[in-house]
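These figures come from a predicted structure and were not determined experimentally. Position 1 is the first residue of the sequence; numbering continues from there. Basis for what follows: all heavy atoms, side chains included, without hydrogens, waters or symmetry-related copies.
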Amino acid sequence: MEVKIGIAQINKYAMSECGDSVEIAERPRGGVSAILADGQGSGKSARATSLAVVNKTAALIADGARDGAVARAVHDYLYALKDGKVSSTLAIISADLDTQTVVFCRNSNCPVIVKQTYGIDVYDEEINPIGVHKRMKPLTYEMPLDLGMILVSYSDGIQAAGRKKGRTMDAGIIHKIIEENEAKDAAFIAESILEYALELDDYRPGDDMTVVVMGLCDKDDVHKIRKITVSFPW
């Protein structure tokens with residue numbers, strides 16, 4: 001089995017800094033986690049918040065902590081760091097090869113979408129962001145690794161796309177993009193969802209936009225070569 005991760009991101013229009021941050025962390029017992037945080041506000045301050053969140057999350061995962069415990073610890077860290085005055089969303093999506101499960105944690109107003117052989121499930125139960133309430137726990141889900149699975153998370157810039165133009169994001173279109181592609185197409189799925197959101201905002205995004213996609217597919221390379229491709233315009 002091979003894990004494919006696709007990430008597509010763009011800043012809020014006319015902002016030089018993106019308030020969303022993404023990090024990839026290798027799990028010490030095997031596997032990989034994708035971490036997405038959206039700091040309160042926009043610009044430089046939001047970027048500093050989201051970077052602090054994803055960096056702390058990645059460090060705790062690398063230390064071997066479980067995802068649910070990581071999310072709680074990162075909440076406590078942000079609460080102490082910002083004195084409970086600054087919030088951040090946090091989503092962790094993990095392929096855990098040690099337990100042979102997929103685990104994902106949410107403290108976000110945006111869903112995690114999961115495609116399996118029988119169809120698509122949307123995990124969108126209401127949950128508060130981290131950092132502002134004294135006690136906070138994530139919504140945590142665990143399910144067996146399944147070849148062909150696709151997991152999608154995104155920031156609220158995607159969810160709110162088009163609102164300032166009097167338009168509404170159609171979740172059905174996002175689901176169609178996921179349904180019509182395979183796990184190996186993680187990067188294409190991320191780019192396609194971002195493109196749809198940009199169209200709704202007339203290519204002037206009203207908020208920072210980030211899409212993270214994880215796909216579980218057959219491995220193409222018998223030599224198990226790990227590959228990372230990054231495109232980082234500035």
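Here the side chain of D98 pairs no donor or acceptor atom with the backbone of G30 at under 3.5 angstrom. In this structure, the side chain of S153 does not engage the main chain of V212 through any donor-acceptor pair within 3.5 Å.
In the model, E195 has a side-chain atom that pairs as donor or acceptor with a side-chain atom of Y203 under 3.5 Å. Between the side chains of S155 and D38, no donor-acceptor pair of N or O atoms lies under 3.5 Å.
Environment of CZ in F188: sparse, with no more than 12 heavy atoms of neighbouring residues, nucleotides or ligands closer than 6.0 Å. Atom NZ of K82 sits in a crowded spot, with more than 12 heavy atoms from other residues, nucleotides or ligands closer than 6.0 Å. For CZ of R167, the number of neighbouring non-hydrogen atoms (other residues, nucleotides, ligands) closer than 6.0 Å is greater than 12.
Two residues are said to be in side-chain contact when any heavy atoms from C-beta on lie closer than 4.5 Å; P205 and L198 meet this criterion. Using a 4.5 Å cut-off on side-chain heavy atoms (C-beta onward), L151 and F104 make contact. The shortest distance between side-chain heavy atoms of V102 and M214 does not fall below 4.5 Å. P129 has its side chain out of reach of M136: every pair of non-hydrogen atoms, C-beta onward, lies at least 4.5 Å apart.
The existence of a salt bridge linking R27 and D67 is confirmed by a sub-4.0 Å separation between a basic side-chain nitrogen and an acidic carboxylate oxygen. Salt-bridge check for E26 with R226: passed, with a basic side-chain N closer than 4.0 Å to an acidic carboxylate O.
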